[in-house]
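Below, chain A is the first sequence line, B the second, and so on; all start at residue 1. It should be emphasised that the depicted structure is a prediction, and the values quoted were computed from it without experimental measurement. Atom set for the values below is all heavy atoms of this structure, side chains included, hydrogens, waters and symmetry mates excluded.
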Amino acid sequence: MKVKAKKSIIDYILSYSKKQEKEHVKAEEKTLPRKVTEKAKIKITRNIWDLTGKIVVIAEKPKAANKIALALSKNPIRKSIYGIPYYMIKTKNGLIIVASAAGHLYGLHTDQYGYPVFRYEWKPLYQIGHKAKHTKKFITALSKLCSNADYYVNACDYDIEGSVIGYLIIYFHGDLEKSLRAKFSSLTIGELRESFRKLTSLDWEMIEAGLCRHELDWIWGINISRALMSSVKMASGKRVILSAGRVQTPTLRYIVEKDIERRLFIPLPQYSLSINISKNNYEIHVEYKGKAVETKKKAKEIIKDIKNTGYLTVKKYEEKKYWLNPPPAFNLGDLQEEAARIYRFSPYKTQSIAEKLYLDALISYPRTNSQKLPPTLNYKGIMNKLSRINNYKELISNLLVETRGVLKPVQGPKDDPAHPAIYPTGVKPKDLGKDEWKIYDLIVRRFLAAFASRARISHRIVYLEYPKDPSMVFMASGRKILELGWLRYYPFSMPEERFLPRFQHGEKVKITKASIRKTYTKPPEKISRIKILRWMENVGIGTEATRARIIEILFNRKYLRSVGGRVEATDLGLGIIEVLMEYFPEITSVSLTRYFEGEMEKIRLGIRRRDEVVRDAKNTLIKLIVSFDKKKYQIGKTLSYRLGYLTPTNKCMLCNREAYKNNLCKYHYQALNTIVKTYEEWKRREGVDWDKYLSSIKKLKSTGKWIVEVIQNFEKIKYSHSK
DNA sequence: GCAAGGTC
Ligand SMILES: [Zn+2]
């Protein structure tokens, strides 16, 4: 991943292929500098215990402040100012004050209207919107605590956002000249103590990279959002909130593309062979594993032949017992996935509940990607506390017997630079709602399962072939749970048991039933919120804290709607992607994130400066905006049609979209083409005529929506098919 | 009012 300095951002991004997007999945660790573990550099460090005077330590959140205070002293003095807790620790020659932020307290803001806009400044978040009111008391408290200190220590999480959070507080309320950085990758006592003995000077490269990320996202997001809104205002006079951004727009594009595929899908008929065999008086259905047969005629011939032969031959029989390892403790994505699978909770709902459980001190930090439990954690202590909860009492006493007190959890491969996997703290829950309890229960059980023994499964599988044609392969399998192991603690992954008798290699097995079964090719998968979130994770956009939220933004903008748990793009969503793909293609691609990451990495390495990167972004956007503005009225019209504000004079006869060809919009026109094109294949397979073809696909459930709409209106369209 | 990113 290299950026050629002379190329523009556009060239760079457009040269990025989809293949590279995929490669990112593998290369995740090396390309994501968002959370960084810095290599040891030879630098002068300061020991907090050698500093004299007033030392203000700034943590990222109240819980972290508490842990830091306890790592620095056995009994820090807990105080509170404007309702915000802080801690005082006396040293030989000074006084340490551990204070806390609450994530970002400042954000970028402009008082300028319209676009292009490149003038912005950092302002308290509570002044920017009516949200984030809670940040006001944090700022007031910090401003008070920071006055006249001799040292300021940024002890926020050691990632670029933490660097920015601490930097801005010191910038506004302290003195950057008197600042130090504490660097730790977990909030454990040992690591915290070590980091405060080795305070470094302020991490300017990280700060610069972080500030740059904020500015780039702001410049791209605000300008394009405003351009979209302004075009609608120009064309229809209406005000509507529209938005685009580095994370939300590629996500929307992903859904739009999937949805278009589904709506243009025409299933093809195919034939499968349905066969039952008999063994030891058991009748067993065997699954056809060969290539689908395309025509009924061929399928009938084969079945007739098979019936005449009367038996299948065992090609391979395998019997094995295997161990099923327990799953690791949850990271946020895994929890969201399981809550969706088991309880149909949206990722956003799961996350909100988990955050509440965390604030109630019932579970550890939930916004983590880690599947690893910290070895320093007192597992036994947590279990003892948990066993005071009735539901877990017996499970835990069992677990302690089963493990003979040796508590060693499985660890998953995924990691996080600042937080471990999610685990219960052992604090006894009070007054949990039904859904809160469900999430809490998943977390506890998954935690317990991580210590349990493996499950033992016995598995039998048989492959049979039709002796006259070995490509005709059939399969049946059986499964039995021999030892429950961890499944006892986490029963949500219980494999289904099924009996299968033993077979011998080469054995001839009698066929009791043979028929053909008509099936259809499968449509593209339905899209759900959790699938969208997993996709974002896989391509590496958004963070644990933002993915679910950004998906909801797409719903709030009415780019998406939910139809019985399934996600669909709206006409507006389609329109937004059409417009952005043409005028701001960069913002629709995940490679913009890769580009940001590359630039930030260079800033961190000191080979590029923030102002250079921002200047490039500005120049790129100015060019794009110029070409957008040339077509602004027309773009505004298009979006207004999709919003239902205006009706196109040249309207598609099947929807409110503007006509593209033959009085059809581009989607219905494409549907018509697909119908005509697919006919040949249907004719070949089924020997159907045109009318029969249409009536057949119209009835099928998986046939795309646009396809059906076109068929239903063939008279209106005046399309007649010439053979 | 618009982004994405923290956290209450
Ligand atoms: Zn149409």
Side-chain angles (χ1 to χ4, degrees), chain A residues 34-35 58-65 82-85 100-117 120 122 125-126 128-139 141 156-157 159-169 209-233 239-252 351-352 354-356 358-360 365-367 418-419 536 541-554 556-557 576 584 587 592-593 596 600 617 621:
Chain A
R34 191 66 43 86
K35 307 250 175 181
I58 298 150
E60 186 157 321
K61 45 191 173 278
K63 286 214 162 123
Y82 308 115
I84 305 297
S100 164
H104 281 293
L105 300 178
Y106 297 87
L108 289 173
H109 176 77
T110 186
D111 41 27
Q112 207 175 301
Y113 291 100
Y115 73 96
V117 52
Y120 44 79
W122 288 95
L125 279 178
Y126 68 87
I128 295 177
H130 26 262
K131 313 160 259 183
K133 268 193 183 155
H134 68 277
T135 57
K136 188 171 183 178
K137 51 184 194 290
F138 280 91
I139 289 183
C156 295
D157 294 353
D159 52 42
I160 62 165
E161 297 302 331
S163 293
V164 171
I165 293 167
Y167 161 79
L168 288 170
I169 290 165
L211 293 172
C212 187
R213 204 276 308 151
H214 279 267
E215 293 183 40
L216 289 176
D217 272 330
W218 192 93
I219 289 178
W220 279 90
I222 300 296
N223 278 290
I224 300 177
S225 298
R226 287 185 177 184
L228 291 171
M229 289 185 277
S230 170
S231 76
V232 171
K233 181 84 186 357
R239 282 185 193 282
V240 60
I241 295 176
L242 298 174
S243 64
R246 174 178 57 83
V247 179
Q248 63 170 256
T249 305
T251 305
L252 175 63
Q351 177 158 5
S352 306
E355 276 159 4
K356 182 183 179 288
Y358 163 68
L359 291 175
D360 289 350
Y365 185 83
R367 292 179 287 263
H419 303 280
M536 295 168 84
I541 56 173
T543 68
E544 275 64 40
T546 59
R547 288 182 196 117
R549 200 195 304 169
I550 287 172
I551 294 171
E552 296 312 307
I553 288 175
L554 296 174
N556 292 338
R557 299 274 176 275
I576 292 285
F584 298 100
I587 202 84
L592 186 62
T593 296
F596 278 22
M600 280 155 53
L621 270 159

With hydrogens left out and only the distance checked, is there a donor-acceptor pair under 3.5 Å joining A:R367's side chain and the base of B:dG6? no

Please determine, for the side chain of A:I550, which listed nucleotide (B:dA3, B:dG5, B:dG1) has the closest atom? B:dG5

Rounded to the nearest Å, what distance is computed from the OH atom of residue A:Y115 to the P atom of nucleotide B:dG1? 19 Å

Any idea which of B:dG5, B:dT7, B:dC2 is nearest the A:A545 side chain? B:dT7

Here the distance between atom P of B:dT7 and atom CG of A:L105, to the nearest Å, is 11 Å

Give one of base, sugar-phosphate or nothing for A:E355, where a contact means two heavy atoms less than 4.0 Å apart. nothing

Hey, what's the ring geometry for A:F596 with A:W220, parallel, tilted or perpendicular (30° and 60° as the breaks)? tilted

Out of A:E355, A:Q351, A:H419, which one pairs with A:R367 under the side-chain hydrogen bond (donor to acceptor under 3.5 Å, both in side chains) rule? A:E355

Which part of the nucleic acid, if any, lies within reach of A:L125 when heavy atoms closer than 4.0 Å are counted: base, sugar-phosphate only, or nothing? base

In whole angstrom, what separates A:I241's CD1 from B:dA3's C1'? 14 Å

With sequence neighbours left out, write down each residue that passes side-chain contact (heavy atoms from CB on, under 4.5 Å) with A:A64, or none if nothing qualifies. A:A59, A:K61, A:L187

Indicate the ring-plane relationship of A:Y365 and A:Y358, choosing parallel, tilted or perpendicular according to the 30° and 60° boundaries. perpendicular

Taking any heavy-atom pair under 4.0 Å as a contact, classify A:A244: base, sugar-phosphate, or nothing. sugar-phosphate

B:dC2 P sits how many Å from A:K131 NZ, rounded? 6 Å

Indicate, with a heavy-atom threshold strictly under 4.0 Å, whether A:G103 touches base, sugar-phosphate, or nothing. base

Phosphate OP1/OP2 of B:dG6 contacted by A:R547 side-chain N/O (<4.0 Å): no

Once you apply a heavy-atom cut-off of 4.0 Å, does A:T546 come out as touching a base, just sugar-phosphate, or nothing? base

Take the protein atom CD1 of A:I576 and the nucleotide atom C1' of B:dC2, then report the distance between them rounded to whole Å. 12 Å

Base, sugar-phosphate or nothing for A:Y113? Non-hydrogen atoms, less than 4.0 Å. base

Does anything in residues 129-139 of chain A pair up under salt bridge (Lys or Arg N to Asp or Glu O under 4.0 Å), and if so which pairs, sequence neighbours excluded? none

Would you mind classifying the nucleic acid contact of A:L108 as base, sugar-phosphate or nothing, using non-hydrogen atoms under 4.0 angstrom? base

Would you tell me if any nitrogen or oxygen in the side chain of A:R213 comes within less than 4.0 Å of OP1 or OP2 on B:dG5? no

Rounded to whole Å, how long is the line connecting atom CG of A:N556 with atom C1' of B:dG1? 14 Å

Assuming nearest nucleotide by heavy-atom distance, tell me which of A:Q248 and A:Y358 is located more 5' along DNA chain B. A:Q248

Shortest side-chain distance from A:Y365, nucleotide among B:dT7, B:dG6, B:dC2: B:dT7

Under 4.0 Å between a side-chain N/O of A:R549 and OP1 or OP2 of B:dA3, yes or no? no

Taking for A:I222 and for A:A132 the nucleotide of DNA chain B with the nearest heavy atom, the one nearer the 5' end belongs to A:I222

From the list B:dA3, B:dT7, B:dA4, which nucleotide is the closest neighbour of the side chain of A:E60? B:dT7

side-chain contact (heavy atoms from CB on, under 4.5 Å) partner of A:F584, chosen from A:L621, A:L228, A:T249: A:L621

